[in-house]
Enquirer: 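My structure is below; once you've seen it, I'll send some questions.
All values reported here derive from a predicted model rather than from experimental measurement.
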Protein chains: 2
Amino acid sequence: MEQRRPGTTEGELLEVLSGYPLFRGVPRESLRALIHMGVERKCPAGRFLFLEGDPAEGVYLLLEGYVKVVQTDVSGQEVVAQVAGPGEPLGLIAMFADSPYPASAQAVSPARALWLPGEALRGFLLRHPEVALRLLRVLAERLHETHRRLLEVSILRVERRLARVLVRLASRLGQRTEEGIAVAMPLSREELAELCGTRLHTVSRLLNRWQRAGWVRLGRRRIVLREPHALVALAEELEPREPPLALTGRKVGEGKTVDDRRGTRPGRTE
Amino acid sequence: MEQRRPGTTEGELLEVLSGYPLFRGVPRESLRALIHMGVERKCPAGRFLFLEGDPAEGVYLLLEGYVKVVQTDVSGQEVVAQVAGPGEPLGLIAMFADSPYPASAQAVSPARALWLPGEALRGFLLRHPEVALRLLRVLAERLHETHRRLLEVSILRVERRLARVLVRLASRLGQRTEEGIAVAMPLSREELAELCGTRLHTVSRLLNRWQRAGWVRLGRRRIVLREPHALVALAEELEPREPPLALTGRKVGEGKTVDDRRGTRPGRTE
DNA sequence: CGTACGTTTGAGTAGTATCAAGAGCCGTGG
DNA sequence: CCACGGCTCTTGATACTACTCAAACGTACG
C-alpha cells in the first residue's frame, strides 16, 4: 500500500539481500541493478500485501515482520497456506505459473518487503541461472512441506496435528524465554485452527487441556511451550497416548473412573 | 529395475523429448547430449520406480504409462501425493531440495521413464536457464495444486472432495466412451480414498450411491462418469445439495421425514 | 466505561472412521 | 475346465471425533 521511498537506503538493501542464501555469490553490480528495479513497501499489521485473485506483476521479498498466506473458500472459510518470516520470497506461484495470486498475503506484524517486477526477475534469472536453481530449491522445499501437511490433515487426528504445528512453529519461529519457548509470531486460536485444518473451538479446548497439564502457557495471541518434549511425544507417538482425554466435557481427572487407562482399547478385549 | 538398452532408439527419444513443452526451443544437440547421459527404464505395473527414503541421484521423465506418487505414514497409512502421466517429470523435490525421495513412485500401469542423473540435469539447466524457468513453472503449478488439495481436505466434506477428485481425474486423464467419460488410470477404491483423504469404505458407499442415481458406472478399478455435470454441481455447489443423503443406513428416500428440506439453516432465522 | 474482539466452555449431533462379514471377479494350478 | 485362494469391492452396525450452535467471560482499546 505505502509505496516508494525506502526508509532504507539502497545501500542497506544491498547489504541485506547479499546476506540471503538466495543471492549468495551474485556480483554486487547485478544485485544493485535488480534492487534498482524494485520498490520497497511497508505494510502495517493486518493489512494485505496482495489479495487472492489479484493479477500478479512480480514477487515480494520479505525483509521484516511476519506474513501469513491464506487461501479462502467460497464459503469464506480460510486455510493458512504458509507463514513467512524475513528473507522469504512471496508470490512465487503466481510469478512462475503465470497466474493471478492463488492466495492472499496478510501482515501479522508490521512488515516490510521489496517488490520485484516479474520481468526484471525473469531477466535476472536468465543471466544468473544459479539463482534460478536456488529458487527451484525453495519451491521444492515448499512443495515437500505442503505434501507433508496434506498427509497430516488426511490421516492424523486434530490433537496430533495441532501438536505438530506448535512444535514446528516453535522450531521455526521460536524464541527462548524463561518460561519456555515462545512462538514469536502472534497467532490467534482461529489462525492456529486454519493452520491445522480445524476450528478455533477445538484448538481452544486442546490448548487449555495442555495448559492444565502444564505443557503450555496461554495468552492472547500468544503461546509458550513449557514442555516441548511432551508435545513432541504427542506429535510423533505411534502408540495411543495417555494424558489428555476426551475433547468435550469432563476435565482432566474427572470422567468415568472406570477404564481410565487407555492403551487397551476399550471394548476390544471380549 | 530393468536397466539400459532402450527399447527405443536414441533418435526416437530425441523426437519425444523435443515434443515436450519443457524442452521447447532447446537445440537438438543439447538435447541429444542430455539424453546420452540418461538411461531408459521400464517398470511393470505395481512396481516402484523409487522408494520413499531412497537417496536420489536424479530425476525421471515419464515417457509412457501412469504412476502414482505416495507418501506413507509411520502407521502404514498412505496418501497419494500426485498422479502422473506421460511427459511429467518425477523426483523433482528430491533433486532440488537435495534430499532423499520424500515419497514413493509406483507404476499403476506398465511404465517407461528416462532417468537423468542430477548432475547432468543441473549442468544442462545452467546452460539453458529458460528450461530452468519452465521447471520453476512446473513446481509452481504443483505447489498451487497441492495448496488447493490442502484447502479441500481441511474444510470440505468427503462427498464434495470425492466429487472434485473424480471431475479432476476425468478432465486430466479422461477418455470419451459411449457410456460417458472414463477415467483412463486404473484406480482402486482404496487409491481413490488416498487421493481425497478418506477410507475406502466411505468412497465405496458414495460411489454406489451415485451409481444408483445413474451418475457413474462402476467396475473393478474403473469408473465412468455418465453425468459429469451432476458431479460438478456436487463439487462446486455453494448451497446444500439435495440428491444423496446420509452415508450409513437409510437409503435415498428414507430417513426422518421431519426437516428433510435443507437449505434454511435451522435456528439461524431468529 | 462501554464495546468489541479473542477466548473459554457446554450441550448436542452430524459425519466418518472402525469393526465385521460377505459377495463377486480373476488368475492359477490341479 | 473347474475349483480354489486372493483381491477388490459392498454393506451393515457401532463408536467417537470434531463440528455446530449457544452463551458468557475477560481484556484491550478507543
Side-chain angles (χ1 to χ4, degrees), chain A residues 45-46 75 77 108 153-162 186-194 196-212 216 218-223 240-241 244-252 254-256 259 262 265-270, chain B residues 45-46 75 77 153-162 186-194 196-212 216-223 240-241 244-251 254-256 259-260 262 265-270:
Chain A
S75 68
Q77 291 250 67
V108 167
V153 169
S154 296
I155 66 188
L156 263 46
R157 300 275 157 75
V158 170
E159 183 179 50
R160 189 168 295 196
R161 301 210 297 270
L162 181 58
L187 291 169
S188 70
R189 305 288 182 269
E190 180 151 34
E191 286 164 330
L192 272 176
E194 287 165 2
C196 49
T198 181
R199 298 319 201 116
L200 77 161
H201 305 93
T202 304
V203 169
S204 179
R205 286 187 230 274
L206 285 169
L207 288 180
N208 280 283
R209 197 197 298 163
W210 294 345
Q211 177 165 247
R212 269 175 241 126
V216 298
L218 299 177
R220 241 173 129 83
R221 289 175 159 277
R222 178 179 163 78
I223 299 179
R241 59 287 143 122
L245 277 96
L247 249 193
T248 40
R250 39 199 141 102
K251 306 181 184 52
V252 184
E254 302 179 30
K256 34 161 84 107
D259 191 60
R262 306 292 184 80
R265 299 256 209 71
R268 191 95 307 281
T269 31
E270 175 262 350
Chain B
S75 68
Q77 291 249 67
V153 169
S154 296
I155 67 188
L156 262 47
R157 298 276 155 74
V158 170
E159 183 179 49
R160 191 169 293 196
R161 302 210 296 270
L162 181 58
L187 291 169
S188 68
R189 303 290 182 268
E190 179 150 34
E191 287 163 330
L192 272 176
E194 289 165 1
C196 48
T198 182
R199 301 316 204 116
L200 78 161
H201 305 94
T202 304
V203 169
S204 179
R205 286 188 231 273
L206 285 168
L207 287 180
N208 279 284
R209 195 197 297 163
W210 294 344
Q211 177 163 247
R212 269 174 242 126
V216 299
R217 191 85 220 292
L218 300 176
R220 240 176 130 83
R221 289 176 158 275
R222 179 181 161 75
I223 299 180
R241 59 287 141 117
L245 276 96
L247 249 194
T248 39
R250 39 199 140 102
K251 304 185 183 50
E254 300 180 31
K256 35 162 82 108
D259 191 58
D260 221 29
R262 311 289 187 80
R265 296 253 212 75
R268 190 93 305 273
T269 30
E270 173 262 350

Enquirer: For S154(A) and V203(A), find the nucleotide of DNA chain C closest to each by heavy atoms; which residue's nucleotide sits nearer the 5' end?
Expert: V203(A)
Enquirer: Find the distance Q211(A):CD to dT7(C):P and express it as a whole number of Å.
Expert: 12 Å
Enquirer: What about R205(B): does its side chain form a donor-acceptor pair under 3.5 Å with the base of dG15(C)?
Expert: no
Enquirer: Could you state the CD1-P distance from I155(B) to dG15(C), rounded to the nearest angstrom?
Expert: 16 Å
Enquirer: Nearest whole angstrom, please: distance from the P of dT10(D) to the CG of L207(B).
Expert: 7 Å
Enquirer: How close or far is atom C1' of dG6(C) from atom CD of E194(A), stated in whole angstroms?
Expert: 14 Å
Enquirer: Find out whether T198(A) and L206(A) are in side-chain contact, i.e. whether some heavy atom of one side chain is under 4.5 Å from a heavy atom of the other.
Expert: no
Enquirer: Are R212(A) and dT9(C) close enough that a side-chain N or O sits under 4.0 Å from OP1 or OP2?
Expert: yes
Enquirer: Compare every heavy atom of V153(A) with every heavy atom of R161(A), then report the nearest pair and how far apart it is.
Expert: CD-CA, 3.6 Å
Enquirer: Whole-Å distance between dT8(C) C1' and L206(A) CG?
Expert: 13 Å
Enquirer: Mind checking the CZ-CZ spacing from R209(B) to R212(B)? Nearest 0.5 Å is all I need.
Expert: 8.0 Å
Enquirer: Which pair of non-hydrogen atoms, one from E191(A) and one from R221(A), has the smallest distance, and what is that distance?
Expert: OE1-NH1, 3.4 Å
Enquirer: Within the 4.5 Å heavy-atom criterion, are Q77(A) and R199(A) side-chain neighbours or not?
Expert: yes
Enquirer: Which listed nucleotide (dT18(C), dT8(C), dC19(D)) is nearest to the side chain of T198(A)?
Expert: dC19(D)
Enquirer: Do any side-chain nitrogens or oxygens of R199(B) fall under 4.0 Å of OP1 or OP2 in dT18(C)?
Expert: yes
Enquirer: E159(A) CD to dC19(D) C1': how many Å, rounded?
Expert: 17 Å
Enquirer: How long is the line joining CH2 of W210(B) and P of dT10(D), in whole Å?
Expert: 13 Å
Enquirer: Please name the pair of heavy atoms, one in R189(A) and one in L207(A), separated by the smallest distance, quoted to 0.1 Å.
Expert: CD-CD1, 3.6 Å
Enquirer: Output the distance between atom OG1 (T202(B)) and atom CG (L162(B)), rounded to the nearest 0.5 Å.
Expert: 9.5 Å
Enquirer: Between protein and nucleic acid, restricted to nucleotides 4-9 of chain D and to nitrogen or oxygen atoms under 3.5 Å apart, what atom pairs and distances do you find?
Expert:
unit_1: dC7(D); atom_1: O2; unit_2: R220(B); atom_2: NH2; d: 3.4
unit_1: dT8(D); atom_1: O4'; unit_2: R220(B); atom_2: NH2; d: 3.4
unit_1: dC9(D); atom_1: OP1; unit_2: R221(B); atom_2: N; d: 3.0
unit_1: dC9(D); atom_1: OP2; unit_2: R189(B); atom_2: N; d: 2.8

Enquirer: In whole angstrom, give the distance that lies between atom NE2 of H201(A) and atom P of dA22(D).
Expert: 12 Å
